[in-house]
Engineer: 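Pasting in a structure now, in structure tokens, and then I'll have a few things to ask.
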2 protein chains.
Amino acid sequence: MRRSTVPSRPSAKARWPEIRARPFDRERDPSTQIENLLSRKQQSKLRAIATVLEYQRSNNTVFSEGEDAHFVYSVVAGVVRVTRHSDSGRRQVLALMLPGDLFGLPDAGLYVNSAETVCPATLYRVPWAQLREMLLREPEMQINLLIRVAFDLRQAQRRIMILGQHNVAQRLSSFLLDFMQHSDFYDARRRLLTLPLTRFDIGDYLGTAPETVARAFARLEKAALVRRHSSRVIEIRNADALRSLVGGRRRVSPH
Amino acid sequence: MRRSTVPSRPSAKARWPEIRARPFDRERDPSTQIENLLSRKQQSKLRAIATVLEYQRSNNTVFSEGEDAHFVYSVVAGVVRVTRHSDSGRRQVLALMLPGDLFGLPDAGLYVNSAETVCPATLYRVPWAQLREMLLREPEMQINLLIRVAFDLRQAQRRIMILGQHNVAQRLSSFLLDFMQHSDFYDARRRLLTLPLTRFDIGDYLGTAPETVARAFARLEKAALVRRHSSRVIEIRNADALRSLVGGRRRVSPH
DNA sequence: CGAGCGTTTGAGATAGCTCAAGCCGGGTGG
DNA sequence: CCACCCGGCTTGAGCTATCTCAAACGCTCG
């Protein structure tokens, strides 16, 4: 078993948590999408039961598949990868959670996926039991949760499209274009994209091997669509060409 | 553009609807999953606003992506494929809706996917506006919808795993094993699976070409895991071997 | 300055794509 | 009732994208 096998990817360096938890502090917290969906009153109720977690490092486990699910999480800052391992032990990154995203909804009381930090991150943690009660009392709040889950479903369907139809260069382009939407990672003026992920993470996200990701980068660079300033810092030289690459065919006719 | 291009797949024979709609008739309708989640009172309310649609043929359009979304649907009998077309015009089958499944939730008032019958089918049609109001009034009903959408999300994540990690023979095995769960299609005693889908549909579901699906069937047959009685009728000769195939590695080491 | 991880590139093997041709079964019309 | 036709299915051939194993490179941290 060379890589990508069960417990985790390369950095199984098992650094330990170093997480600090503190009660919700209204003053310090930037507003997030989930809050924006709620009324002030609802927000304050949610804050009353939320805890803020600060993960100082990457590759920290938030929760693991199969564990009892007591909490739901929301990203305040940083990036969390939501993963699942297939029977063969290979890891798939199902989704990347960015600020404002919600994750950790239980299935029959258990987490079905694992979640780890991809870089230092700040999260809200909300006890599921209390949230559940609150939802039953407040239909408007619940419908907001429904909207979020429906959004996640559409995102997942988008991933299905990409995995089912695109070659690796197209998937990578699509991934880069997605990250360019977030000013946390993309400096639009200088056209510089700073990726928080390793090639292993990107590979597991795109359903391919890290070497293939590296080669896809090389290919995009040769075609002058991007330029690698370093492995994590990518200059976007031609976003339109990236877009039209994604829109093209998976394979060009051999004739 | 040989196949799999925009409007639809081979049978663009454009047969027209022949749909019959009738008000909900309590006596004739088998209970479906969505109803099972609801109390009697809720059920009767839902029935009051539901219409039953009967599609007599396959390849009938229920709705198309981009249309205004006025209704939500639930499958009573038959199979519906939910599809989306990529920019290149290729079709992806995002999900197959079987009896009890719900589909057609709008995104910003529009359908984001298309839905077509795969065989003759009976559906419930519920006006979204009325359902929405009902949900706001009845939190328990809403939480059931939330559970359904969360279920769909997990299904979609499962598809992501399969598309991202498995080779075509594994995907096909996984597809067959799924269908074996439904007594509508699988005769457990005789071990006969009757597929409602063409090779084109299966290919678009599994993210591959129909020829490759045919070859995967040939491979499974040669390994004595299945036997094709006809292209649509498959004898399952070794379900355990199918399962362990799915659990194995995508590609065997070359050495 | 060495170790370790992550990245890149190379080489060889192969699964799956595309085009093409033949087959097969069921429905239709003579 | 049979022959034909058409759509779907299968198989073949050639090509290439991607996988796997290897090896070398280069940060970064200690």
Side-chain angles (χ1 to χ4, degrees), chain A residues 1-5 8-15 57-59 88 90 118 163-172 195-204 206-222 228-234 249-255, chain B residues 1-5 8-15 57-59 88 90 118 163-172 195-204 206-222 228-234 249-255:
Chain A
M1 303 211 287
R2 179 161 139 274
R3 63 157 167 260
S4 191
T5 42
S8 93
R9 235 44 204 287
S11 293
K13 202 185 237 176
R15 283 163 164 165
R57 304 189 148 280
S58 55
N59 299 312
S88 57
R90 250 190 79 164
V118 149
L163 293 175
Q165 312 207 319
H166 295 337
N167 63 37
V168 174
Q170 292 173 316
R171 295 182 211 174
L172 179 60
L195 299 173
L197 305 180
T198 68
R199 297 287 185 259
F200 286 80
D201 284 332
I202 298 174
D204 286 349
L206 302 181
T208 191
E211 296 94 327
T212 308
V213 175
R215 276 185 255 267
F217 266 118
R219 202 178 128 193
L220 294 184
E221 185 164 296
K222 191 152 62 182
R228 285 171 287 186
H229 287 210
S230 75
S231 71
R232 305 280 196 106
V233 178
I234 311 296
R249 309 227 280 153
R250 162 143 67 173
R251 207 168 184 167
V252 183
S253 283
H255 300 302
Chain B
M1 303 210 285
R2 178 164 140 274
R3 62 156 169 261
S4 189
T5 42
S8 93
R9 240 35 207 289
S11 293
K13 202 186 236 176
R15 284 162 164 167
R57 304 188 149 282
S58 56
N59 299 313
S88 56
R90 249 191 80 163
V118 149
L163 293 174
Q165 312 208 317
H166 294 337
N167 64 36
V168 173
Q170 292 173 316
R171 294 182 210 176
L172 178 61
L195 299 173
L197 305 179
T198 67
R199 297 288 186 259
F200 286 80
D201 284 332
I202 298 175
D204 287 350
L206 302 181
T208 190
E211 296 94 327
T212 307
V213 175
R215 277 185 254 267
F217 266 117
R219 200 178 130 193
L220 295 184
E221 185 165 294
K222 192 152 60 181
R228 284 170 287 186
H229 287 210
S230 76
S231 70
R232 304 280 194 105
V233 178
I234 312 295
R249 308 230 282 151
R250 161 143 66 175
R251 207 168 184 167
V252 183
S253 284
H255 302 302

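Here is how names work: the chains are called A, B, and so on, in the same order as the sequence lines, proteins then strands, and each is numbered from 1.
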Engineer: What is the minimum heavy-atom distance between L163(B) and L206(B), and which atoms define it?
Structural biologist: CD2-O, 3.4 Å
Engineer: Please write out each protein N/O paired with an N/O of nucleotides 10-14 of chain C under 3.5 Å, distance rounded to 0.1 Å.
Structural biologist:
{"from": "dG10(C)", "atom 1": "N7", "to": "R215(A)", "atom 2": "NH1", "distance (Å)": "3.0"}
{"from": "dG10(C)", "atom 1": "O6", "to": "R215(A)", "atom 2": "NH2", "distance (Å)": "3.2"}
{"from": "dA11(C)", "atom 1": "N6", "to": "R215(A)", "atom 2": "NH2", "distance (Å)": "3.4"}
{"from": "dT14(C)", "atom 1": "O4'", "to": "R251(B)", "atom 2": "NH2", "distance (Å)": "3.2"}
{"from": "dT14(C)", "atom 1": "O2", "to": "R251(B)", "atom 2": "NH2", "distance (Å)": "2.8"}

Engineer: Mind checking if V168(A) touches a base, just sugar-phosphate, or nothing, with heavy atoms under 4.0 Å?
Structural biologist: sugar-phosphate
Engineer: Return yes when atom CZ of R219(B) has more than 12 non-hydrogen atoms of other residues, nucleotides or ligands closer than 6.0 Å, and no otherwise.
Structural biologist: no
Engineer: Please report the distance, rounded to the nearest Å, between CZ in F217(B) and P in dC9(D).
Structural biologist: 10 Å
Engineer: In whole Å, what is the span from the NZ atom of K222(A) to the P atom of dT8(C)?
Structural biologist: 14 Å
Engineer: Heavy atoms only: give me the nearest V213(B)-R199(B) pair and the separation to one decimal.
Structural biologist: CG1-CD, 3.8 Å
Engineer: Let's see if you can work this out: which of dC17(C), dT7(C), dG16(C) has an atom nearest to the side-chain heavy atoms of R250(A)?
Structural biologist: dC17(C)
Engineer: Scan A169(A) against the nucleic acid and name what it touches under 4.0 Å (heavy atoms): base, sugar-phosphate only, or nothing.
Structural biologist: nothing
Engineer: May I ask you to evaluate whether R232(B) reaches the phosphate of dC9(D), defined as a side-chain N or O under 4.0 Å from OP1 or OP2?
Structural biologist: yes
Engineer: Do the side chain of R171(B) and the main chain of H166(B) share a donor and acceptor less than 3.5 angstrom apart?
Structural biologist: yes
Engineer: Nearest whole Å is fine: how far is dC5(C) C1' from N59(A) CG?
Structural biologist: 12 Å
Engineer: Quick one: R219(A) CZ to dT16(D) P, roughly how many Å, whole number?
Structural biologist: 13 Å
Engineer: Side chain of Q165(B), backbone of T208(A): donor and acceptor closer than 3.5 Å?
Structural biologist: no
Engineer: Could you check which of dT9(C), dT18(D), dG8(D) has an atom nearest any side-chain atom of A214(A)?
Structural biologist: dT9(C)
Engineer: Picking from dT10(D), dT9(C), dG8(D), which would you name as closest to the side chain of R228(B)?
Structural biologist: dT10(D)
Engineer: Establish, with yes or no, whether the OP1 or OP2 oxygen of dC17(C) is under 4.0 angstrom from a side-chain nitrogen or oxygen of T208(B).
Structural biologist: yes
Engineer: Which sits closer to the 5' end of DNA chain D, L197(B) or T212(A), going by the nucleotide each is nearest to?
Structural biologist: L197(B)
Engineer: Any side-chain N or O of R199(B) below 4.0 angstrom from OP1/OP2 of dT10(D)?
Structural biologist: yes
Engineer: Return the nearest nucleotide to the side chain of R249(A); candidates are dG16(C), dC19(C), dT7(C).
Structural biologist: dC19(C)
Engineer: Let me know the distance between CZ of F200(B) and P of dC17(C), rounded to the nearest Å.
Structural biologist: 13 Å
Engineer: Check the distance between dA17(D)'s P and L172(A)'s CG and give it to me in whole angstrom.
Structural biologist: 16 Å
Engineer: Write down the distance between CD1 (I202(A)) and P (dG6(C)), rounded to a whole number of angstrom.
Structural biologist: 13 Å
Engineer: Between E221(A) and R228(A), is there a donor-acceptor pair closer than 3.5 Å when you use the side chain of the first and the backbone of the second?
Structural biologist: yes
Engineer: Give, for atom CD of E211(A) and atom CZ of F200(A), the distance between the pair rounded to the nearest 0.5 Å.
Structural biologist: 7.0 Å
Engineer: To check you understand the geometry: which heavy-atom pair defines the closest contact between A216(A) and L172(A), and what is its length?
Structural biologist: CB-CD2, 3.7 Å
Engineer: Rounding to a whole Å, what distance do you find between E221(A):CD and dT7(C):P?
Structural biologist: 15 Å
